[in-house]
Amino acid sequence: MAGRFQAPRGTQDILPADQPYWAAINGAILEVTRLHGFRRIDTPVFEHAGLFEKGSGDTTDVVEKEMYTFKDRGGDDLALTPEATPAIARAYLEHGMASWPQPVRIYTTHPMFRYDRPQKGRYRQHTQFDCEVLGSGDALIDAEVISLLWRLYERLGIRNLQVRINSIDDPEPRRAYIERLTEYYAPHVDSLSEDSKRRLSRNPLRLLDSKDGRDQPFKEAAPKLSDQLSEPAAAHHRVVMDALSVAGIPFVNDPLLVRGLDYYNRTVFEIVPTDDERAQGTIGGGGRYDGLMELLGGPATPGIGFGSGFERIILEMQKHEVTFPEAALATAFIVHRAPDSHRAAFKLAGDLRSAGVSTIVGETGRSLKSQFRSADASGARFAVILGEHELDRGAAILKDLRGGGAQVEVPLDGLVRAVATATDC
RNA sequence: GCGGGCGUGGCCUAGUGGUUAGGGCGUCUGGAUGUGGCCCAGAAGGUCGUGGGUUCAAUCCCCACCGCUCGCCCCA
């Protein structure tokens, strides 16, 4: 162990045994995005650091203290992608997607990098499924992306989930509200937690999100944004909630839900397990960002999207005891032991594979016994035995390892068909 | 960034201030000369996370670091 390399902190290897989860999620994403008319996009792993400083907000934790930034050899300031939305917004502008039929519905699965302290469900590199709808401010779209995500979780066997949703209004009315909120807290500043004191000047909205006991009494009496939403935002929010009801998606309107990225307006939401109190239990979340494109120097273009972490989805699947039977490595396993048997074995393996039969060849020189042990461990349905006697006769023995071990001798030129026939029925 | 727990062969794990650190799983080999899954036998594999300290002596005590883990913060 000591002195040997380990995967960097907060990163992980996805071993063969875990791959079925990834495949299941990828498969479900393919299906669910197809059902909603989304197309895939892939953006680079790294971008200009400024994209996120401008887009995500340079006072957000994600950008301020978690971003992996570096200068390349040409002196450009780059960052490993910490979140997808600004990258996709950038691509929208760069490729003139405004001239595509609107709205543009796109998704990606992409590694995300954040320098944070790892714990259960939180890694320095994680993979996100990310959906964005660009070019529509329709409240129905908000409900559509939420229902897409909901459908994904359903397909994967995850239950006990709940949508938490809120409206944080548009920037103008929100500014007025924030002023009121700041005025409300000002006389109590000495009684607040350290975090909240700091945030009061920088991002007062987040005080409502505090879990610190000292802040609780003030939170409850604080003016609520939801009580004084501007009329357009309130109407928008009503439509979103109404559509979710129609779709039968269980949601809770949570007036205290605030999210950590600067660009959100109106709808913000999270999907959380109802049976998990952990702070990092959220498996998916997102919101509307009608102002983002302008922040990035583009024309005003509404948008909404979400991200959901594969690793957290898998954790939930495992909690719900979603498991995958171990798949056989191959259908046929060629056991061979005779002078020069490797030639016949390799030729036959090629023929079987050409016919679509997955095949593994036993290691040359190992005893039949150990080759059979390997055959069994591989989960192969058939063993094909190429020994001296068979090769002399131009034949092989075909043995059914799963059905009692019956074996028959088959001429070599008829073996592929014999296997194909036996597999079909 | 803050606070708690842990660190024994690939995995799980027993154990003690002092001779060759024990077991299970897994791997490999064999159980008479050509055959799996069960069983049996044997073998390989550990500087007991790393470095320093205390001690006549440390895997076991102390410190630091690294890693993992749990909670907070934040987020997926």
Side-chain angles (χ1 to χ4, degrees), chain A residues 1-12 15 17 25 56 60-67 82-85 109-130 149 193-196 198-199 203 206 209-213 258-261 270-273 277-286 305-316 333 335-338 341 362-363 365-391 397-407:
Chain A
M1 281 304 258
R4 274 198 266 166
F5 284 113
Q6 292 178 292
R9 179 158 205 213
T11 67
Q12 54 187 350
L15 298 174
I25 296 171
S56 311
T60 58
D61 278 3
V62 166
V63 168
E64 191 178 44
K65 34 191 219 196
E66 296 175 3
M67 205 154 69
E83 59 141 351
T85 305
T109 61
H110 198 283
M112 301 296 167
F113 304 87
R114 295 176 195 173
Y115 187 86
D116 198 353
R117 188 154 167 181
Q119 57 182 273
K120 192 177 188 66
R122 195 176 69 194
Y123 308 97
R124 288 183 173 178
Q125 177 181 341
H126 73 278
T127 303
Q128 263 185 45
F129 167 45
D130 192 272
L149 188 54
S193 68
E194 297 312 310
D195 263 345
S196 290
R198 187 167 46 81
R199 284 182 180 145
N203 198 346
R206 297 209 61 92
D209 217 19
S210 167
K211 276 132 198 150
D212 193 298
V258 180
R259 293 182 56 82
L261 300 167
E270 291 181 348
I271 298 188
V272 296
E277 297 309 310
R278 288 176 308 116
Q280 71 276 18
T282 305
I283 68 173
F306 65 76
S308 182
F310 274 54
E311 292 82 358
R312 287 188 185 176
I313 294 174
I314 291 169
L315 249 25
E316 283 307 305
F333 192 108
V335 170
H336 66 103
R337 190 166 173 83
S341 63
E363 277 181 285
R366 282 177 66 177
S367 70
L368 286 183
K369 184 190 192 79
S370 67
Q371 288 186 61
F372 266 98
R373 278 182 174 153
S374 301
D376 187 60
S378 77
R381 163 105 189 262
F382 298 106
V384 177
I385 307 162
L386 297 178
E388 232 167 327
H389 306 320
E390 294 74 37
L391 287 177
I397 289 174
L398 181 60
K399 173 169 179 169
D400 189 337
L401 292 171
R402 305 300 147 193
Q407 51 186 64

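What you are looking at is a predicted structure, and each value in this text was computed from that prediction instead of being measured. Here is how names work: the chains are called A, B, and so on, in the same order as the sequence lines, proteins then strands, and each is numbered from 1.
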So, for A:Arg312 and A:Gly121, which heavy atoms are closest and what is the spacing to 0.1 Å?
NE-O, 2.6 Å

Under 4.0 Å, counting only non-hydrogen atoms across every strand here, what does A:Gln407 touch: a base, just sugar-phosphate, or nothing?
base

Whole-angstrom distance between B:rG22 and B:rC65, as gauged at atom C1':
31 Å

Taking a pair as Watson-Crick or G-U wobble with both distances under 3.5 Å, which nucleotide is matched to B:rG30?
B:rC40

Gap in Å between the two P atoms, one belonging to B:rA21 and one to B:rA58, rounded:
15 Å

State which residues pass salt bridge (charged side-chain N to carboxylate O under 4.0 Å, His left out) with A:Arg366; sequence neighbours excluded, sorted by chain then number.
A:Glu363

Nearest to the A:Arg259 side chain among B:rC72, B:rA76, B:rU35, which nucleotide is it?
B:rA76

Can you tell me, in whole Å, how much space there is between the C1' of B:rC11 and that of B:rA41?
24 Å

So which nucleotide from B:rG30, B:rA76, B:rC73 ends up closest to the side chain of A:Gln119?
B:rC73

Whole-Å distance separating the OH atom of A:Tyr115 from the P atom of B:rA76:
20 Å

For A:Asp116 and B:rG71, what is the distance between atoms CG and P respectively, to the nearest whole Å?
14 Å

What's the CZ-C1' distance between A:Phe333 and B:rG36, to the nearest Å?
10 Å

B:rU47 to B:rG42 separation - P atoms, rounded to the nearest Å:
24 Å

Please report the shortest heavy-atom distance between A:Ser341 and A:His336, naming the atom on each side.
OG-ND1, 2.8 Å

Going from NE2 on A:His110 to CG on A:Asp130, what distance comes out if it is rounded to the nearest 0.5 angstrom?
9.5 Å

Just compare B:rU35, B:rA76, B:rC74 and give me whichever is closest to any side-chain atom of A:Glu66.
B:rC74

B:rU13 to B:rG52 separation - P atoms, rounded to the nearest Å
29 Å

Donor-acceptor pair, A:Arg122 side chain versus A:Arg117 backbone, under 3.5 Å?
yes

For a quick check of understanding: with a heavy-atom distance under 4.0 Å over all strands, which category does A:Glu390 fall into, base, sugar-phosphate or nothing?
base

Does A:Tyr123 reach a base, just sugar-phosphate, or nothing at all? Heavy atoms under 4.0 Å.
base

Side-chain contact check for A:Arg117: nearest option of B:rG4, B:rU35, B:rA76 is B:rG4

Point-to-point distance, once rounded to the nearest 0.5 Å, from CZ of A:Arg337 to NZ of A:Lys369:
13.0 Å

What nucleic acid atoms does A:Ile385 come within less than 4.0 Å of, heavy atoms only: base, sugar-phosphate, or nothing?
base

When the distance from NE2 of A:His126 to P of B:rC74 is rounded to whole Å, what number comes out?
17 Å

Distance below 4.0 Å between A:Lys65 side-chain N/O and B:rC74 OP1 or OP2
no

Separation between the P atoms of B:rG46 and B:rG9, rounded to whole Å
10 Å

Give the minimum heavy-atom separation between A:Ala338 and A:Gly387, together with the two atoms involved.
CB-C, 4.0 Å

Distance check, C1' atoms only: B:rG36 and B:rC28, in whole angstrom units.
16 Å

Using whole Å, report how far NZ of A:Lys120 lies from C1' of B:rG71.
13 Å

Assign each of A:Leu401 and A:Ile283 to its nearest nucleotide of RNA chain B by heavy atoms, then name whichever residue's nucleotide is nearer the 5' end.
A:Leu401

Would you mind reading off the distance between A:Leu386 atom CG and B:rU35 atom C1', rounded to a whole angstrom?
13 Å

Testing B:rU35, B:rC68, B:rC74 for proximity to the side chain of A:Arg9, the answer is B:rC68

Touch check for A:Ser367, heavy atoms < 4.0 angstrom, all strands: base, sugar-phosphate only, or nothing?
sugar-phosphate

Rounded to whole angstrom units, what separation is found between the CD atom of A:Gln128 and the C1' atom of B:rA76?
5 Å

OP1, OP2 of B:rU35 versus side-chain N and O of A:Arg373: anything below 4.0 Å?
no

Strand partner of B:rC68, provided both Watson-Crick or wobble distances fall under 3.5 Å
B:rG5

Candidate nucleotides B:rU29, B:rA76, B:rG36, ranked by approach to the side chain of A:Asp376 - the nearest:
B:rG36

Considering only atom C1', compute the distance from B:rU59 to B:rG15 and round it to an integer number of Å.
10 Å

First of A:Ala377 and A:Asp400 reached from the 5' end of RNA chain B, by closest nucleotide:
A:Ala377

Look at the side chain of A:Lys369 against the base of B:rG36 and say whether a donor-acceptor pair falls under 3.5 Å; ignore hydrogens and angles.
no

In whole Å, I'd like the distance from the CD1 atom of A:Ile25 to the C1' atom of B:rA76.
12 Å

Is B:rG10 paired to anything, Watson-Crick or G-U wobble with both distances less than 3.5 Å, and if yes, which nucleotide?
B:rC25

Just call it for A:Gly286: base, sugar-phosphate, or nothing, with non-hydrogen atoms closer than 4.0 Å on any strand.
nothing

Using Watson-Crick or G-U wobble geometry with both distances under 3.5 Å, which nucleotide pairs with B:rU55?
none

Think A:Ser370 has a side-chain N or O under 4.0 angstrom from the OP1 or OP2 of B:rU29?
yes

Any idea which of B:rA76, B:rC28, B:rG1 is nearest the A:Arg366 side chain?
B:rC28

Could you work out, with ring pair (Phe, Tyr, Trp, His ring centres under 6.0 Å) as the rule, every residue matching A:Phe382, not counting sequence neighbours?
none

